[in-house]
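Order of the sequence lines sets the chain letters (A, B, ...), proteins ahead of strands, with each chain counted from 1.
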Amino acid sequence: MGALKRSNAFLFFIFILMKPRELAKAYEPKEYEDKIYAAWEQSGFFNPDKLKAKAKPFVISMPPPNATGVLHLGHASALAYEDLMIRYHRLKGEQALWLPGTDHAAIATQTKVEKILAKEGTSRQKLGREKFLERVKEYVATSQGTIRNQTRKMGSSCDWSRERYTFDDGLSRAVAEAFVRMYNDGLIEKDYRIVNWCPRCASTLADDEVEYQENDAQLYYIKYGPFVVATTRPETKLADTGVAVHPSDKRYKKYLGKILDIDLAGHKIKVKVFADQAVDPEFGSGAIGVTPAHSAVDFDFAQKNKLEIIKLIDENGKILKSGGKYQGLDVNQARQAFVKDLQAAGQIEKIEAYKNNLSLCYRCNTPIEPLTSEQWFVRVNKKIPKRNKTLKQLATEAVKSGEIKILPDRFNKIYYHWMNNLHDWCISRQIWWGHRIPVWYKQDEIYVGSEKPKGAGWVQDPDTLDTWFSSALWTFSTLGWPDKTKDLKNYHPTSVMETGYDIIFFWVARMILMTEYIFGEKPFETVYLHGMIRDKDGRKMSKSLDNGIDPIAMSEKFGTDALRLSLIIGSAPGADLRVYEEKIAGYRNFVNKLWNISRFIFTSVGNVKTVKTEPQPKTLADKWILSEFNNLVKEISLDLDKFKFSPAGEKLYDFTWNKLADWYLEIAKIEGSKDQILLYILERLLILWHPFTPFVTELLWEQFGQKEMLMIKSWPQANKIDKKSTDYFSQLQNIVIKIRNLKVENKIPPKELPACQLESKIFTKNDLQVIAKLSRITLVANLAKAKSFSLGSTKGRINLAKELSVKERQNLENYIKATEARLKNKNFVDNAPAQVIAETKTRLAEAKNKLK
RNA sequence: GGAUGUUUAGCUCAGUUGGUUAGAGCAUCUCGUUUACACCGAGAGGGUCGGGGGUUCGAGUCCCUCAACAUCCACCA
């Protein structure tokens, strides 16, 4: 056992330095993780410019977590996959850049701070715009700190020197620049349209920011001139300007094109009767009262049929002057009062129970009020000047052409479908926390530009931009755009966008749309969509169910490496993943196993050092383990290149525990003198594991006393695989297992070493000794009265009383019967490939042999 | 209403273009401290692959159909 030499000249290893003998019996992640992370961070290698990389850059923009809360398991899983990719590509010698950042998350953040203010008994209105924004900034600063620390805790090797925030000056400039360009191209326009309005947020919402919830409602049938009109919202009838019927509905043909005066409990309205295919003549009375100002469908009717648009409900949910005597009431009060009046007037035919979908704000769950308003829109169906294509077409083609690959590919279809049905995107919001719209007004003039115009009297548009507008620029705004920076040239387009499938529309689609517009180029090559994290029963983790698992607590309890494994192994792109403590504990056990394998190797070799080239194998076991290792390197490299993280992890796990530990280390104890091979494999195994379990591998690597950290070593190359040795070795394993079985079945205690005679054409004397030690028998030259067995080309006799178990015999007999029948089947013999027939015959012979 | 996914051992999941007697981890049972590890080792039991039908010499795998669960989109006068 040689003492370790290490160089003090290198600052990388500022954490606890230990000599091999001092490795604790069990790995205690808590003692090391923070120190290891600090050492990585100080080394500077999270920054790709510090790497001596020769290969192409590999870039991931970290999806910015909302600056509102704490890291949950969803973030932890995303960080695990992203860090896995980044570390793998860094080890492959690429310029790996993982750019972290946070998002100002306009509505989400504002809502959160408003809740805090409400608890303090104040409100944003009471504070005023300036003071309120100060409060939000304070809040964001605190939660950003939390997010940063928790991201570090997960071992994320991201380049903190490039950290960005959507509210940075640079990014804000990018937002303004993008707006101005789109405005100048006529792709952003102000328009008076129907929008989704959240009365609590006092702001518009985009179509995909509205959620639906089934709701028990009442359907009122109202006597309405010559019609009976059914509605769940009687109060809106106060602003009806049309009645729609089906074109072939004979009942109403005579009214088509006419303008009728209708009296609703004394409230007078004028409605134009028109026909539309969309009307279902079977529903209710087959006539729809049309309220253009407060229903998206009705607004379309109004556009098509030139109906008057009367706004009835204001931005606070109160009835306007157009509502006559109901003016000033809020919507619910107005409904009650109006229904009462209608009933008194005998105009309510009936009221039925009815299930409908209530539209809710995705941030605060307040019911949405559709209303007309003047807002800024991105025109997705308008041709871009000089390109003769719409934004929608650009974004669709980027995926259709194969330029961008989405994993799993079934999301292509979902993406196309969404893109196809995309309407103009309302981007102005009336909330305060966000990027101000870069538009200034002076009487009749309008100025659009990234800077305030010169001269006095200009007033900036009070509205802010949809948070997704700035997020859509994320892959390039973080690299310095609109400036022509070196980073932009080197690192854009990025390589992989790793994110949850729940925000494919909100974010992924909009990044593609905006990047294709601005650069005529994709934002990323591959989209890897991970699934949602669920509890053991498959339920979403939520505060109300109290079934959430805190990643930080799990990291403290089991170690970050174990947590990461539990998130990586067993997961597939697009598939939800169940996570629970027992699973994490299982991987904690594995990490400890890896620790002890290393501990065994470090303490049993004469001198701990790295081994440059593959050592010459001496025994069958040596040839086998090297072949298995080379095969492992080959396979997991292929898996990782194809984003198959879970299979790669499983193969590593299987090799480490079931091959290296269970067989080779045991044989090493028997055969001895395996320092070179053990060190050769361990060194490289730590590299292979590093992207999965960065902490423990870096710590163990320290034992080699090298100047460089494991993080920047080179990914191993696969050498030759010796097929004959793997075949022979599996025969050796089968014999050992066979003998162990025979011993257990015959109730021979493990300590007893029954006499056994072994004859083989392929095994050396040494191999037979290995078999004897592993299976715990005494090898003898001759054994007269004994149970005989045979496996492959090896025959054995062992001193046991009992025969094959009844079940074993039964299985063999069944198998032989079935196989013989198959071989007699003319169809099989004529049609199956010769190789399959030959294999079947061989297996049959083996089975018969066993029965003897 | 449209679309997608899932259904394999008690639990969580693998099973690549159809081809060994369907695998792993956890859990269970038996035995066990031998040069690292009880967060361990050796061994065992446990599955008519959601139901039905079809194609094929051969189906967990391909096709049809039904069912349950989940998710997304659209719409709801």
Side-chain angles (χ1 to χ4, degrees), chain A residues 23 25-27 208 212 217 219-221 229-233 244 278-280 283-291 295 297-298 354-357 408 410-411 413-414 417-418 421 501-502 504-505 531-532 534 536 538 558 562 569-572 574-580 582-583 585-604 644 646-647 650 653-654 658 661-662 665-666 668-669 672 737 740-741 743-745 747 749-751 773-776 807 811-812 814-815 818-819 822 825-833 835-836 839-840 842-843 846-847:
Chain A
L23 285 179
K25 206 171 169 185
Y27 173 52
D208 47 2
Y212 295 92
L219 189 62
Y220 300 83
Y221 287 78
V229 157
T231 181
T232 52
R233 298 199 53 189
V279 180
D280 176 4
F283 189 97
S285 62
I288 305 176
V290 175
T291 324
S295 151
V297 177
D298 292 3
Y354 188 73
K355 280 207 192 304
N356 71 345
N357 275 341
R410 66 187 147 88
F411 280 95
K413 216 173 160 180
I414 297 172
H417 182 254
W418 186 82
N421 294 307
Y501 65 70
D502 55 333
I504 179 170
F505 306 133
M532 302 295 110
R534 294 174 177 278
K536 194 166 187 176
F558 301 112
I569 297 183
S571 79
D576 292 352
L577 181 72
R578 297 182 190 203
V579 179
Y580 40 91
E582 299 93 298
K583 203 172 185 173
Y587 288 109
R588 184 268 322 264
N589 296 354
F590 171 77
V591 171
N592 188 54
K593 186 75 184 180
L594 181 61
W595 173 266
N596 272 292
I597 288 168
S598 309
R599 192 158 79 102
F600 174 73
I601 293 174
F602 287 135
T603 51
S604 65
K644 290 163 126 182
S646 177
E650 284 167 49
Y653 183 102
D654 180 57
N658 302 330
D662 287 351
L665 293 190
E666 293 309 314
K669 290 174 191 171
I737 291 165
R740 282 173 180 168
N741 264 319
K743 283 183 69 178
V744 170
E745 281 165 18
K747 303 235 184 316
K751 272 184 180 169
K773 286 266 170 59
L774 289 177
S775 57
R776 317 210 86 213
K807 175 137 194 187
N811 278 344
L812 279 170
N814 287 344
Y815 177 66
T819 311
R822 183 134 60 113
N825 182 346
K826 198 167 171 300
N827 275 328
F828 175 70
V829 180
D830 291 349
N831 291 308
Q835 198 199 336
V836 172
E839 280 170 7
T840 311
T842 314
R843 272 178 233 123
E846 276 170 12

If you write RNA chain B from 5' to 3' in dot-bracket form, with Watson-Crick or G-U pairs under 3.5 Å, [ ] for crossing pairs and | for pairs with another strand, what do you get? (((((((..((((.....[...)))).(((((.......))))).....(((((..]....))))))))))))....

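By the salt bridge (charged side-chain N to carboxylate O under 4.0 Å, His left out) test, A:K826 pairs with A:D830, sequence neighbours left out. For the salt bridge (charged side-chain N to carboxylate O under 4.0 Å, His left out) test, no residue two or more places apart in sequence or in another chain qualifies with A:K747. Residues meeting the side chain to side chain contact (heavy atoms under 4.5 Å, CB included) test with A:N356, sequence neighbours left out: A:N215, A:A217, A:T232, A:Y354. Remark: A:N421 pairs with A:H417 by the side chain to side chain contact (heavy atoms under 4.5 Å, CB included) rule, at least two apart or across chains. A:R740 is linked by a salt bridge (charged side-chain N to carboxylate O under 4.0 Å, His left out) to nothing, counting only residues two or more places apart in sequence or in another chain. Considering only residues two or more places apart in sequence or on other chains, A:K413 meets the side chain to side chain contact (heavy atoms under 4.5 Å, CB included) condition with none of them. With sequence neighbours left out, the side chain to side chain contact (heavy atoms under 4.5 Å, CB included) criterion links A:K773 to A:I670.
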With sugar-phosphate taken as primed atoms, P, OP1 and OP2 and all else as base, the protein-contact string of nucleotides 2-7 of chain B at under 4.0 Å (heavy atoms; B, S, -) is -SSS--

What's touching nucleotides 19-21 of chain B from the protein side, N or O pairs under 3.5 Å?
residue: B:rU20; atom: O2; partner: A:R843; partner atom: NE; Å: 3.0

For nucleotides 29-31 of chain B, give me every protein contact, N/O to N/O, under 3.5 Å, one pair per line with atom names.
none

Pairs under 3.5 angstrom, nitrogen or oxygen only, protein versus nucleotides 8-13 of chain B, please.
residue: B:rU12; atom: OP1; partner: A:R578; partner atom: NH1; Å: 2.9
residue: B:rU12; atom: O4'; partner: A:Y580; partner atom: OH; Å: 3.1
residue: B:rC13; atom: OP1; partner: A:R578; partner atom: NE; Å: 3.3

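Ring geometry for A:Y653 against A:Y587 counts as perpendicular: the plane angle is over 60°, on a 0 to 90° scale with 30° as the lower cut.
For the P atoms, the distance from B:rA67 to B:rG51 is 16 Å, rounded to whole Å.
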